[in-house]
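Following: one structure in structure tokens, then a few remarks.
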Amino acid sequence: MDSQRKMTTLRNAARTFVLLLVASLAAVPAAAASYLWEVSSLTNRAYLFGTVHAGKASWYPLPQAVEDAFRDAKVLVVEADITDAAAMNKSAAAMMYTPPASLKTHIPAEEYARFAMLLPRYGLPEDQVVQMKPFMAVSLLVFTEWARMGYLPNFGVDAYLINKAKGEKKPIVEIEGLDSQIRLMDSLSEKELQQLFKGTLDALQSGLTDEQVNGMVAAWQSGNPDGMLEVARRYNDKIPGAVQFEEKFIWSRHDSMLEKIDGYLNQSKDRHFIAVGALHLAGPRGLIEMLRKRGYVVRQL
């Protein structure tokens, strides 16, 4: 009887252990997908990766699937080479007013006063920003807010990939280039610029920018384009003019991007690693769904 009781006790203990093990494994979430897709044509395949433009040193190296895809590709494709100093200087010059014109002469006085009140928060002297055009001025505040939250441009994903490609002597191709992006910025009317300026200040002062940054980073890190689109929707619902701005700066660029990607898949023997801002891949108007509609096989890695 003692030996029988002992065997029963051991079996019960073993069953309990197995149940606990199964429960513990079930409690461990599945590994999150990367914000990375493989796109296949009949003759080639490419990798499509969504990026955020500021980050943290702790993000690197990137998830293994991303590093493996980058290693497999022969060419890196980016929106624009942000490490090209000459092109960046040209871009900055295009975003500045020539005296006597200044930000003060193009923005309503009450909005400029709000802007000036925010500068000490970011340690920005007024005389260093007063010649900036509205788009550049508020973009500087937003990126400085990212930095205040711990996300730095020098640790942006684009910069990491470009520097990695240069170190490996991997060719870098621009899917747009800075000139194209400058033309897009310059296409904004005075009314659109003023609306963008006011809306960005509203978002910064209300805490909406911080909410947006945290949401974008969480969606990116979990490989969740639907989450990225939801972050954009919440921002657009609260900021007048944001929908129109998103239309011009995100969705309107996709047809020309898609033509380039078509070329990489069908007219090149090289495998391309294509890195664009994460929102470009999200939703029914994003590049992922557009490629699927063209008949490509697309799968998330």
Side-chain angles (χ1 to χ4, degrees), residues 30-53 61-82 156-181 184 219-229 232 246-247 249-301:
S34 300
Y35 213 98
L36 172 73
W37 285 259
E38 180 188 73
V39 185
S40 300
S41 69
L42 292 175
T43 59
N44 202 352
R45 71 175 187 266
Y47 300 104
L48 195 53
F49 183 50
T51 68
V52 289
H53 303 315
L62 290 164
Q64 194 60 50
V66 181
E67 296 287 348
D68 289 347
F70 184 88
R71 189 179 304 110
D72 184 50
K74 302 301 180 189
V75 180
L76 171 65
V77 180
V78 292
E79 292 180 32
D81 184 353
I82 57 173
V157 180
D158 313 74
Y160 170 80
L161 294 171
I162 292 169
N163 288 325
K164 188 175 177 69
K166 288 184 174 180
E168 297 176 7
K169 304 205 179 312
K170 186 171 291 193
I172 300 170
V173 172
E174 295 180 314
I175 201 167
E176 291 178 319
L178 283 166
D179 283 345
S180 172
Q181 295 184 347
L184 188 60
W220 177 76
Q221 289 183 316
S222 59
N224 183 4
D226 290 338
M228 188 70 67
L229 198 65
E246 182 180 282
E247 178 67 35
F249 277 80
I250 302 294
W251 315 121
S252 73
R253 297 158 62 190
H254 287 177
D255 286 342
S256 60
M257 285 185 177
L258 202 59
E259 293 308 313
K260 297 278 186 70
I261 296 171
D262 265 333
Y264 305 148
L265 286 164
N266 298 304
Q267 298 166 22
S268 173
K269 294 180 181 179
D270 291 328
R271 195 155 294 150
H272 290 64
F273 185 102
I274 305 157
V276 295
L279 187 56
H280 288 292
L281 307 189
R285 299 179 68 193
L287 292 172
I288 297 298
E289 290 306 316
M290 293 178 79
L291 286 161
R292 284 197 176 111
K293 286 177 182 175
R294 289 203 176 193
Y296 292 108
V297 177
V298 183
R299 68 185 184 100
Q300 190 169 13
L301 299 178

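By the side chain to side chain contact (heavy atoms under 4.5 Å, CB included) test, Glu176 pairs with Glu79, Ser180, Gln181, Arg253, Met257, sequence neighbours left out.
Ser41 contributes atom OG, which lies 10.5 Å from atom CG of Leu291 (distance to the nearest 0.5 angstrom). Taking CH2 of Trp37 as the start and OH of Tyr47 as the end, the distance is 15.0 Å to the nearest 0.5 Å. Here the CG-CG distance, from Leu48 to Leu287, works out to 6.0 Å after rounding to the nearest 0.5 Å. Taken to the nearest 0.5 Å, the CG atom of Leu178 stands 8.0 Å off from the CG atom of Asp81. To the nearest 0.5 Å, atom CD1 of residue Ile172 and atom CD1 of residue Ile162 are 6.0 Å apart. Expressed to the nearest 0.5 Å, how far NZ of Lys164 lies from CZ of Arg71 amounts to 6.5 Å.
Proximity of Asp255 to Met290: side-chain heavy atoms (C-beta onward) are separated by under 4.5 Å at one or more points. Leu229 places a side-chain heavy atom less than 4.5 Å from the side chain of Leu279. Proximity of Leu258 to Arg294: side-chain heavy atoms (C-beta onward) are separated by under 4.5 Å at one or more points. A heavy-atom distance below 4.5 Å is not found between the side chains of Leu281 and Pro225. Between Arg271 and Glu38, every side-chain heavy-atom pair lies at or beyond the 4.5 Å cut-off.
Remark: Asp270 does not engage Lys170 in a salt bridge, criterion side-chain N to carboxylate O under 4.0 Å.
Counting all heavy atoms, side chain and backbone alike, Lys74 lies closest to Pro171 at O-CD, 3.2 Å. Taking all atoms of both residues into account, the shortest heavy-atom contact from Pro284 to Glu289 is O-CB, 3.7 Å. Residues Ala46 and Leu265 share a closest heavy-atom pair of N-CD2, 3.6 Å. The nearest pair of heavy atoms linking Glu246 to Ala232 is OE1-CB, 3.4 Å.
The aromatic rings of His272 and Tyr264 lie parallel to each other, their planes meeting at an angle below 30°, with 60° marking the opposite boundary.
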Evaluation steps, side-chain contact (heavy atoms from CB on, under 4.5 Å), between Leu62 and Leu161 = CA-CA 10 Å; Leu62 290 164; Leu161 294 171; 4.0 Å; yes

Derivation of the side-chain contact (heavy atoms from CB on, under 4.5 Å) call for Asp72 and Arg45 = CA-CA 11 Å; Asp72 184 50; Arg45 71 175 187 266; 3.5 Å; yes

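Other residues, nucleotides and ligands contribute more than 12 heavy atoms inside 6.0 Å of the NZ atom of Lys166.
For the pair Ser34 (side chain) and Ala65 (backbone), a donor-acceptor distance under 3.5 Å is absent. Put simply, the side chain of Asn44 gets close to the backbone of Ser268: a donor and an acceptor are under 3.5 Å apart.
The only member of Tyr35, Tyr160, Phe70, Phe273 that meets ring pair (Phe, Tyr, Trp, His ring centres under 6.0 Å) when paired with Phe49 is Phe273.
Here ring-ring contact (aromatic ring centres under 6.0 Å, His included) pairs that include residues 281-301, with residues two or more places apart or in two chains, number zero.
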